[in-house]
Amino acid sequence: MLDVLAARRAEGTCPSNRRDPYRVALAVEGGGSRATYSSGMVLALEELGLAECFDDIYGSSAGALAGSWLVGAQAAHCCAGWYRPGLMERVTRPGRGLRGQPVVDVEYLINTVGEEIVPFDWHQVLDAEVPLHPIATDVETGEAVDLADTIVDKESLQLALRASAAVPLLAGLPVEIDGRRYVDAAVAEPIPFHTALHQGATHVLVLRTRRADQTAIDATRLEKALVSRLGAVNVPGLVHVIGNRLENRRADDSRLAHATASPAEEGPHLFEVRPPAGADTINPLETDPDVLRRGIETGQAALREALDLDEDQRSTA
C-alpha cells in the first residue's frame, strides 16, 4: 500500500493517467465527533499531496463528509469548522431530543453550515477525477449501499451525504432517495472497506476513529429495543443488522489489524491507521472545541507517523 502511494505521488499521476495496474481506495470511518480523528488524517493526506493517489474515496457517515473535503481539495478549510466556537453546539444538542427534534441536525450541518458558515465548493467534488462514494444503510434490506450513482448535482450530493450520516433515532427520519429510505452507514458498514473491495479495489487505506486499544461496542439495549419495536413496519432491514453489529465490528477489527501487521503477498492489500493509545476517548456527541481540535491534530500526527514520510518527502508534496 505505502509503496504504491509513494510511487504514484512521485509520478504525479491521477486516475486518468495511471502507470500501474492497481485500484487504490481510501475508506474513511465516521462516528460522529469521533470522526475528528479521521478528518485530521484526511487533512494530513491533503497536506502530503496524496489526494489524487486514490482512485476512489469511500466514506461512512461523518467519514463521507470528510472524504468529500479531500475530493474537493478543501480539507484544511473544512476541518477548522469542527472546532469553530459554537458551531458543533448548534449541530449537536441533546436537549432537542426531549422535544422530539433531531439531536444531531445533519441537514443544518450540510445545507446551512456548508453553504453559509463554512462555505464549501460542492462543484469541486462533482468535477473531481477521484469519485466520492458515500455509503448508507438501506432501511428495508439492512444492506450497505453506495450512493455514488445517485449524485448528479449539488443537491443530490448533499442529499447523499445527509443519508450517509442519518443516525437512527438521533438524526430524525430516514432520508429518501429515488424511492428508497436510508439511514447512517454505520449501521451496516461503519468502516467502508467491504464496498471498496467488492467494487474491485486492490489496495485500501482505512482511516479509523477508534483507538487500537478500544474494543468494539454493541448496540445499546435502548437502540435494540427501539429498532425492534419500529422494525416490523418502519425499519424492517435494521433489526437483523443491529443484532449482528458487535460480531461484525469485531470481525472488521480483527481483519484490519491482521492485514496491517502482516501484509499479504497477494491482494487485496489493507492498511489501517488508528488514533494512538492514550488519545482522548471522544464521545460521538462531543461539542467541546478544545477536544475536537485535539482530535484533528491527533489524527494528522497519526497519519503522518503511519505513512512514515520524512521531511524531504513532505516538502515535495
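Since the structure is predicted, the reported quantities are computational estimates derived from the model, not experimental observations.
Chaining together hydrophobic side chains whose heavy atoms lie under 4.5 Å apart places L270 alongside I191, F193, L197, V204, V206, L256. I135 belongs to a hydrophobic cluster whose other members, connected by ILVMFWY side-chain contacts under 4.5 Å either directly or through intermediates, are Y58. Through direct or relayed side-chain contacts under 4.5 Å between Ile, Leu, Val, Met, Phe, Trp and Tyr, V291 connects to Y37, I282.
Shown here are the salt bridge (charged side-chain N to carboxylate O under 4.0 Å, His left out) partners of R90, two or more places apart in sequence or in another chain: D105. Listed by chain and number, the residues in a salt bridge (charged side-chain N to carboxylate O under 4.0 Å, His left out) with E129 amount to none (sequence neighbours excluded). For L132, the side chain to side chain contact (heavy atoms under 4.5 Å, CB included) partners are I57, S68, V71, V125, P134, L157, L161, not counting sequence neighbours. Listed by chain and number, the residues in a side chain to side chain contact (heavy atoms under 4.5 Å, CB included) with D127 are H123 (sequence neighbours excluded). Considering only residues two or more places apart in sequence or on other chains, D55 meets the salt bridge (charged side-chain N to carboxylate O under 4.0 Å, His left out) condition with R8, R18. Listed by chain and number, the residues in a side chain to side chain donor-acceptor pair (under 3.5 Å) with R211 are D213, T281 (sequence neighbours excluded).
With values rounded to the nearest 0.5 angstrom, R304 atom CZ is found 5.0 Å from E47 atom CD. Between the CD1 atom of I296 and the CE atom of M41 there is a distance of 10.5 Å, given to the nearest 0.5 Å. Put simply, CG on L303 and CG on L43 are 9.0 Å apart, with the number rounded to the nearest 0.5 Å.
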E189 and T195: CA distance, side-chain angles, deciding distance, side-chain hydrogen bond (donor to acceptor under 3.5 Å, both in side chains) verdict: CA-CA 8 Å; E189 192 174 352; T195 298; 2.6 Å; yes

As a quick check of understanding, evaluate side chain to side chain contact (heavy atoms under 4.5 Å, CB included) for D253 and R210, giving each step before the final call. CA-CA 10 Å; D253 284 348; R210 280 189 296 109; 3.2 Å; yes

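Under the side-chain hydrogen bond (donor to acceptor under 3.5 Å, both in side chains) criterion, the residue pairs touching residues 70-87 are S39-W82, with sequence neighbours excluded. The side-chain hydrogen bond (donor to acceptor under 3.5 Å, both in side chains) pairs that include a residue from residues 260-277 are R208-E272, where partners are two or more places apart or lie in different chains.
Between the side chains of E107 and Q158, no donor-acceptor pair of N or O atoms lies under 3.5 Å. No hydrogens or angles considered: a donor-acceptor pair under 3.5 Å links the side chains of D252 and H194.
A heavy-atom distance below 4.5 Å is found between the side chains of L205 and V273. Side-chain atoms of V28 and S60, non-hydrogen and from C-beta on, never get closer than 4.5 Å to each other. Contact of the V104 side chain with the V167 side chain is not registered, since no non-hydrogen atoms from C-beta on lie closer than 4.5 Å.
Few gaps surround CD on Q300; more than 12 heavy atoms of other groups in view lie less than 6.0 Å from it. Applying the 6.0 Å contact sphere to CZ of F271 captures more than 12 heavy atoms from other residues, nucleotides or ligands. Other residues, nucleotides and ligands place no more than 12 heavy atoms under 6.0 Å from the CG atom of D149.
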Contacts table for residues 173-180: side-chain donor-acceptor under 3.5 angstrom, sequence neighbours left out:
from	atom 1	to	atom 2	distance (Å)
R180	NE	D138	OD2	3.1
R180	NH2	D138	OD1	3.1
R180	NH2	D138	OD2	3.0

